[in-house]
There are 2 protein chains.
Amino acid sequence: MENIYTEQLKNNGLKNTPQRIAILDILFIEEQPISVDDIYIKLKEKNISINLSTVYRSIEAMEEKKIISKLDFLNEGKAYYEYNKAGHRHYLICKGCKKITTIYSCPLELYEKTLEQNTNYKIEEHKLCLYGYCPNCNKNK
Amino acid sequence: MENIYTEQLKNNGLKNTPQRIAILDILFIEEQPISVDDIYIKLKEKNISINLSTVYRSIEAMEEKKIISKLDFLNEGKAYYEYNKAGHRHYLICKGCKKITTIYSCPLELYEKTLEQNTNYKIEEHKLCLYGYCPNCNKNK
DNA sequence: CTACATGCAAACCGTTTGCACCCTA
DNA sequence: TAGGGTGCAAACGGTTTGCATGTAG
């Protein structure tokens with residue numbers, strides 16, 4: 001597993017350090033986007049010696065290289081990150097337990113083209129989040 | 001015009017103050033969502049005596065009463081506000097000149113239902129932003 | 001006259017930065 | 001051994017808060 005991270009860092013001209021590998025591993029294992037301070041807490045729990053600013057700098061570097069990606073539009077106030085398993089995606093967020101589910105399909109390709117025609121904009125991308133209650137939280141309301 | 005703001009505040013149990021009326025007027029006149037510090041600057045330009053924290057508190061109260069609405073997911077780092085001219089809407093943002101266009105139609109109603117069936121979530125709302133270049137910025141690229 | 005609004009200054013919180021030291025390639 | 005990476009502490013920017021004062025209803 002670590003070999004993958006090592007490769008990925010090397011291929012992108014980033015040096016291999018125990019801190020970066022640990023960050024990648026946390027993001028990889030985590031099944032949903034996670035905030036910077038949660039990454040930091042998980043690193044500490046694993047007894048990995050690291051500074052918060054190093055987390056920020058490592059994350060920034062890896063995001064630039066598209067190894068991970070940033071979600072700065074989800075929850076007000078702070079950024080979330082996830083390992084880059086696929087390209088375009090959307091998010092389904094439970095308003096109860098705050099669980100974030102990543103959606104890999106996109107219902108908007110056609111709509112983008114229509115909108116381009118209507119507005120004369122050259123549309124390049126979009127961000128979509130859906131909010132609601134997961135089956136479990138919905139039951140307990 | 002001021003009568004409308006006065007009514008709106010009264011109906012929502014908020015006191016009429018020159019500061020609140022001035023904020024509402026700026027948001028009403030502005031044709032696109034605007035940041036808090038820009039509201040503050042415009043107030044100062046109009047020689048209205050107000051403190052930044054009053055802007056924040058007034059805006060918060062008016063947002064709670066649904067007189068205005070908050071966009072905290074658009075541009076990283078700070079919140080934007082707009083006068084509540086209609087309910088549900090989306091945003092088209094020019095990556096060149098940063099102009100924000102509000103879109104009042106929604107292509108996702110059907111999709112929401114499909115997703116509800118597929119995930120068993122109770123979906124309540126969504127946020128959508130599209131990014132691209134407006135005709136003018138596209139020309140100059 | 002009383003509860004809500006405001007101004008001011010200080011705190012807050014996520015994030016960034018400058019600088020000295022460290023360590024990977 | 002050179003240049004990127006790290007730790008630490010301090011700064012930053014948007015936002016919030018405590019408290020005293022002011023004012024709309």
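So you know, we letter chains A, B, ... as the sequences are listed, proteins then strands, and number each from 1.
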Euclidean distance, atom NZ of residue A/Lys10 to atom C1' of D/dG5 [Å, nearest integer]: 18 Å

Nearest to side-chain heavy atoms of B/Tyr56, which nucleotide of D/dG25, D/dG7, D/dG14: D/dG14

Donor/acceptor link under 3.5 angstrom from A/Arg20 side chain onto base of D/dG4: no

Spacing between A/Leu9 atom CG and D/dG4 atom P, to the nearest angstrom: 16 Å

Atom-pair distance (CD1 on A/Ile59; C1' on D/dT6), nearest Å: 15 Å

Out of D/dG7, C/dT15, C/dT24, whichever nucleotide has its closest atom nearest the side chain of A/Asn16: C/dT24

Sugar-phosphate, base or nothing in reach of B/Leu52, heavy atoms under 4.0 Å: base

Nearest-Å distance for atom pair CG/C1', residues B/Asn12 and C/dA5: 16 Å

Given D/dT15, D/dG7, C/dT15, the nucleotide with the shortest approach to the side chain of A/Asn51: D/dG7

base_contact_polar (D/dG7 base, A/Arg57 side chain, donor-acceptor, <3.5 Å): yes

Nearest-neighbour nucleotide for the B/Leu14 side chain, C/dT24, C/dG7, C/dA5 considered: C/dA5

Face-on cation placement of B/Lys85 at B/Phe28 ring, 6.0 Å and 45° thresholds: yes

Gap between atoms CD and P, on B/Glu60 and C/dC4 respectively (whole Å): 15 Å

Out of D/dG7, D/dG4, C/dG7, whichever nucleotide has its closest atom nearest the side chain of A/Gln19: D/dG7

Test applied, side chain to side chain donor-acceptor pair (under 3.5 Å); reference residue, A/Thr102; option that passes from A/Gln32, A/His90, A/Glu82, A/Arg89: A/Glu82

From D/dG5, C/dT15, C/dT6, nucleotide with atom closest to A/Thr17 side chain: D/dG5

Positive for side chain to side chain contact (heavy atoms under 4.5 Å, CB included) with B/Ile93, one of B/Cys134, B/Cys129, B/Pro33: B/Cys129

Partner of A/His88 under side chain to side chain donor-acceptor pair (under 3.5 Å), chosen from A/Glu125, A/His126, A/Glu109: A/His126

Distance test, side-chain N/O of B/Ser58 to OP1/OP2 of C/dT6, below 4.0 Å: yes

side-chain hydrogen bond (donor to acceptor under 3.5 Å, both in side chains) assessment of B/Ser35 paired with B/Asp38: CA-CA 5 Å; B/Ser35 67; B/Asp38 280 344; 3.3 Å; yes

Rounded distance in Å - CD1 (A/Ile50) to C1' (D/dC8): 14 Å

Of B/Val55 and B/Lys15, the one whose closest DNA chain C nucleotide lies more 5': B/Lys15

Side-chain donor/acceptor contact of A/Ser53 with base of D/dC8 under 3.5 Å: yes

